[in-house]
Each structure stands twice: as C-alpha cells, then as structure tokens.
Number of protein chains: 2
Amino acid sequence: MIRMLADPLRLRIIELLADGPACVCHLVEDTGAKQPNISNHLRALRGAGLVVAEPHGRFTYYRLLPDAVETVAGQLAELAQRARTNADARRECP
Amino acid sequence: MIRMLADPLRLRIIELLADGPACVCHLVEDTGAKQPNISNHLRALRGAGLVVAEPHGRFTYYRLLPDAVETVAGQLAELAQRARTNADARRECP
DNA sequence: TGCTCTTATCAGTCCGTGCTGATATCAGCG
DNA sequence: CGCTGATATCAGCACGGACTGATAAGAGCA
C-alpha cells in the first residue's frame, strides 16, 4: 500500500489527482509519460484501492480516494507518536 | 524520502524502532535478516534523516526520529485534504 | 598487545518492476 | 457499419536496488 507511493511517477499522478478528478489524457499530458505507462500505474493504484475509475463516454476519469491516503497518513502519524512515547525505552544489549 | 518506507524490511526496522531505540543486534535478531543487510538499510535510513545512530561502547543504538516520520504523514494528510476539497473540480477533456 | 565481539563497508549476483512498442478493446460519430 | 480517438492489455527489455559472503574497522577485556 505504501509501496504504491514510492514510485515517482505514481506519486506525481496522485498529486495531480489531488487537484481533482482527471482523465488519462490529462495525466499523460501533464506528466509527459507514455500512455501505456500511465495506464499501468493507474491499474496498480486502482488495485491498491487508492483511486477509482469513472468512465464517461470515451474518457475515463480517475478520482483519488482521500480515505485511503488518510489511512496511510494515520499509520505513519501513529508510528511517530509511538516513537515519541518510547524515546527513553532503550532495549539494553545482553 | 517516502521511498525509504517502501521496502518491507526497512518498514519493519522502523516499526521496531518505534518501540524505542535498539542496537543492531536486536534488529538482526528480531527481523531474522543478515547483519550486513540490516546495516545497509540503516545507512540508507540514516542518509534520509529518518534515524540517528548513537554509539554506546561496542554497540550502536539507533533511534527513530519522530519529526521526519510526522513530516511525511503531514504531507499525505494534506494530499487527502486537497483531494477532498477538489472532489468536484473535474477537468473536462477537450 | 592480542583476542573477541559488534558494526560497517565492499564487490558481486539476482530479482522485482518500471518502461516501451505493438496491439486489442471500446465508445462515439459520419 | 467503418473510422477515429481514448484507454487497456501484453510481451520483452533494462535497470535499480536488495541480498549475500568476505572482510575491515573499532571498542572492550584478559
């Protein structure tokens, strides 16, 4: 799930979709990447539940799902919180 | 930066460090990975500013930096927020 | 100082995965 | 229908990066 955000192009797609739903042709134009490449990444993101496809006639609009992103953000925030509370709990070596 | 959290072993290390600073031998034992592998990942995490090394005699304790993790969490949360506010701003295709 | 233990570094291999080119599918429109 | 344009799928290639084995560096202890 977090792995999906690791690839630069995929992160770029997500940032673009954060400005509102967009169709594949927009993403292709804005990123400069080839269309099959974008399509592949969108399939991966769809499979991870980060985006949904909304077909409108010939075009397919993709929408970023805020809940999924927020879930990841929450998990990381919780990790940070745990690290803060356990800052002094050093496990001693034998 | 986010890329550092993509690798499963590195994420595991970070989770372990969230329970408090630990030395390399602990991480080796808990993850079951070989020591050079752990050391390499720790160097990467150190380079990304996610952890710091605290040498204590022969041992080296590693500490997770909560601020770094929280920064990433904040960026993701902001992305989710933007997606929410721009949910209806669909860019029409020509 | 010599020995042991912990950690760091390096060279090499191997595998996952992102990119590309070709092609298929599908919707609208003449 | 046949054509055009948008998107999806697939096979092959290539490259980055994770893992391993050997080895070095450094600190404590006899």
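Note that the structure is predicted; figures quoted are calculated from it, not measured. Below, chain A is the first sequence line, B the second, and so on; all start at residue 1. As a basis for the values below, the full set of heavy atoms in this structure was taken, side chains included, without hydrogen atoms, waters or symmetry mates.
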Novice: Any chance CD of B:E29 has more than 12 other-residue heavy atoms, nucleotides or ligands included, within less than 6.0 Å?
Specialist: no
Novice: Check every strand shown and say whether A:S39 touches a base, only sugar-phosphate, or nothing at a heavy-atom separation below 4.0 Å.
Specialist: base
Novice: Is A:Q35 side chain donor-acceptor paired with the D:dA6 base, going by distance under 3.5 Å alone?
Specialist: no
Novice: For C:dG16, does OP1 or OP2 lie under 4.0 Å from any side-chain N or O of A:R3?
Specialist: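 For A:R3, the contact criterion (side-chain N or O under 4.0 Å from OP1 or OP2 of C:dG16) is not met.
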Novice: For A:D7, answer base if it contacts any base atom (sugar-phosphate contacts may also be present), sugar-phosphate if it contacts only those atoms, and nothing otherwise; contact means non-hydrogen atoms under 4.0 Å.
Specialist: sugar-phosphate
Novice: Counting any heavy atom closer than 4.0 Å, what does A:C23 reach on the DNA or RNA strands: base, sugar-phosphate only, or nothing?
Specialist: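 Here A:C23 touches the backbone only, sparing every base.
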Novice: Test of understanding: clusters of I, L, V, M, F, W, Y form through side-chain heavy atoms closer than 4.5 Å, transitively. Do B:V52 and B:M1 belong to the same one?
Specialist: no
Novice: Report yes if at least one side-chain N or O of A:N37 is closer than 4.0 Å to OP1 or OP2 of C:dC19; otherwise report no.
Specialist: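 Yes, A:N37 has a side-chain N/O under 4.0 Å of OP1/OP2 on C:dC19.
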Novice: If I take atom CG in residue A:L42 and atom C1' in nucleotide C:dG18, what distance separates them, rounded to the nearest angstrom?
Specialist: 14 Å
Novice: What residue among B:R91, B:R84, B:R90, B:R82 forms salt bridge (charged side-chain N to carboxylate O under 4.0 Å, His left out) with A:D19?
Specialist: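 Of the listed residues B:R91, B:R84, B:R90, B:R82, the salt bridge (charged side-chain N to carboxylate O under 4.0 Å, His left out) partner of A:D19 is B:R82.
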Novice: Would you please confirm or rule out a distance under 4.0 Å between OP1 or OP2 of C:dC19 and any side-chain N or O of A:H41?
Specialist: yes
Novice: Using a 4.0 Å heavy-atom cut-off across all strands, classify A:Y61 as base, sugar-phosphate, or nothing.
Specialist: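 Nothing: the residue A:Y61, judged by heavy atoms under 4.0 Å, touches no strand.
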Novice: Select base, sugar-phosphate, or nothing to describe what B:L9 touches, counting heavy atoms under 4.0 Å on all strands.
Specialist: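 Sugar-phosphate, backbone atoms only, no base.
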